[in-house]
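First up is the structure itself, then whatever we jot down about it.
Nothing here was measured: the structure is a model prediction, and the numbers come from that model. Atoms considered below: every heavy atom in the structure, side chains included; atoms not considered: hydrogens, waters and symmetry mates.
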Amino acid sequence: ALMLSQEYHGAARSLERAVESVPDSLALEHALARLLATCPAAEVRDGARALEIAERVVAAELTLDHAETVAMALAELGRFDEAVRWQERVLVHEQRLQTTPSPQRRSRLELYRARRPVRAPWFDG
């Protein structure tokens, strides 16, 4: 709700507290990593921390969303070539799973190729 109402500082603080309260929650860590990587508010973004959290999450459970968050964090750090490789792998695995292709995932790949990070006001998986 805080992210949807553009209360990004409050959202980050709430997620930080939630992660401290439930340290084994991959969902909470993932949400925090994604917010830190993509937040429209520059003062909330922290690409290095987002990458650290995202790598920990992806090591615990490799999912398309988790891998995509690694790409987002890499792009936030300006490591666009690595972000492109991660996002391309996400799209290949998505295709192998024969799921409906995500236009958001394709759009994110194009952002990284254009050397631009993702700026998303909400967690859209």
Side-chain angles (χ1 to χ4, degrees):
L2 289 170
M3 286 186 275
L4 290 173
S5 62
Q6 299 180 2
E7 302 276 342
Y8 303 121
H9 291 90
R13 284 191 301 273
S14 292
L15 280 170
E16 293 278 0
R17 284 193 300 268
V19 166
E20 288 174 13
S21 297
V22 189
D24 294 334
S25 173
L26 290 180
L28 289 172
E29 282 195 292
H30 181 234
L32 178 59
R34 197 166 274 215
L35 178 63
L36 293 173
T38 68
C39 187
E43 61 277 7
V44 174
R45 287 194 309 272
D46 184 343
R49 184 136 183 269
L51 182 58
E52 175 187 321
I53 295 167
E55 286 176 332
R56 187 171 54 244
V57 168
V58 87
E61 181 182 21
L62 180 56
T63 69
L64 295 177
D65 288 341
H66 293 170
E68 187 170 44
T69 301
V70 171
M72 291 174 176
L74 288 165
E76 173 56 25
L77 291 169
R79 294 165 55 181
F80 295 105
D81 294 337
E82 292 171 84
V84 165
R85 286 193 296 275
W86 273 88
Q87 194 71 12
E88 285 174 339
R89 284 187 289 229
V90 165
L91 292 168
V92 165
H93 287 290
E94 182 179 59
Q95 186 176 17
R96 284 185 186 154
L97 293 172
Q98 298 178 341
T99 61
T100 304
S102 166
Q104 294 92 349
R105 287 191 171 126
R106 175 71 52 200
S107 295
R108 290 175 186 135
L109 175 60
E110 296 312 315
L111 279 175
Y112 306 149
R113 286 180 174 155
R115 308 195 74 69
R116 293 178 42 215
V118 172
R119 293 292 171 259
W122 53 81
F123 187 90
D124 65 356

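- For residues 32-61, no residue pair satisfies the ring-ring contact (aromatic ring centres under 6.0 Å, His included) rule, not counting sequence neighbours.
- Not counting sequence neighbours, the partners of E88 by the side-chain hydrogen bond (donor to acceptor under 3.5 Å, both in side chains) test are R113.
- A salt bridge (Lys or Arg N to Asp or Glu O under 4.0 Å) check over residues 90-99, counting only residues at least two apart or in different chains, returns the pairs E94-R105.
- Applying the ring-ring contact (aromatic ring centres under 6.0 Å, His included) definition to pairs two or more places apart or across chains, none involves residues 92-118.
- Judged as a ring-ring contact (aromatic ring centres under 6.0 Å, His included), the pairs with a partner in residues 32-70 (not counting sequence neighbours) are, in order, H30-H66.
- Think of V90 as one node in a network of Ile, Leu, Val, Met, Phe, Trp and Tyr side chains linked at under 4.5 Å; its network also takes in L64, L97.
- Atom-to-atom distance recorded for L109:CG and S102:OG is 11.5 Å, nearest 0.5 angstrom.
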Result block: side-chain N/O donor-acceptor pairs under 3.5 angstrom for residues 72-83, not counting sequence neighbours:
unit_1: E76; atom_1: OE1; unit_2: R45; atom_2: NE; d: 3.4
unit_1: E76; atom_1: OE1; unit_2: R119; atom_2: NH1; d: 3.0
unit_1: E76; atom_1: OE1; unit_2: R119; atom_2: NH2; d: 2.7
unit_1: E76; atom_1: OE2; unit_2: R45; atom_2: NE; d: 3.3
unit_1: R79; atom_1: NE; unit_2: E82; atom_2: OE2; d: 2.8
unit_1: R79; atom_1: NH2; unit_2: E82; atom_2: OE1; d: 2.9
unit_1: R79; atom_1: NH2; unit_2: E82; atom_2: OE2; d: 3.4
unit_1: D81; atom_1: OD1; unit_2: R115; atom_2: NH1; d: 3.4

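- In this structure E43 satisfies the side chain to side chain contact (heavy atoms under 4.5 Å, CB included) test together with H9, A41, sequence neighbours excluded.
- Annotation: side chain of L32 is in contact with side chain of I53 (closest heavy-atom distance under 4.5 Å).
- By the side-chain hydrogen bond (donor to acceptor under 3.5 Å, both in side chains) test, E55 is found to be paired with no residue, residues two or more places apart in sequence or in another chain being considered.
- With sequence neighbours left out, the side chain to side chain contact (heavy atoms under 4.5 Å, CB included) criterion links L62 to V58, A67.
- Residue pairs meeting the salt bridge (Lys or Arg N to Asp or Glu O under 4.0 Å) criterion with at least one member in residues 10-25, sequence neighbours excluded: E16-R49.
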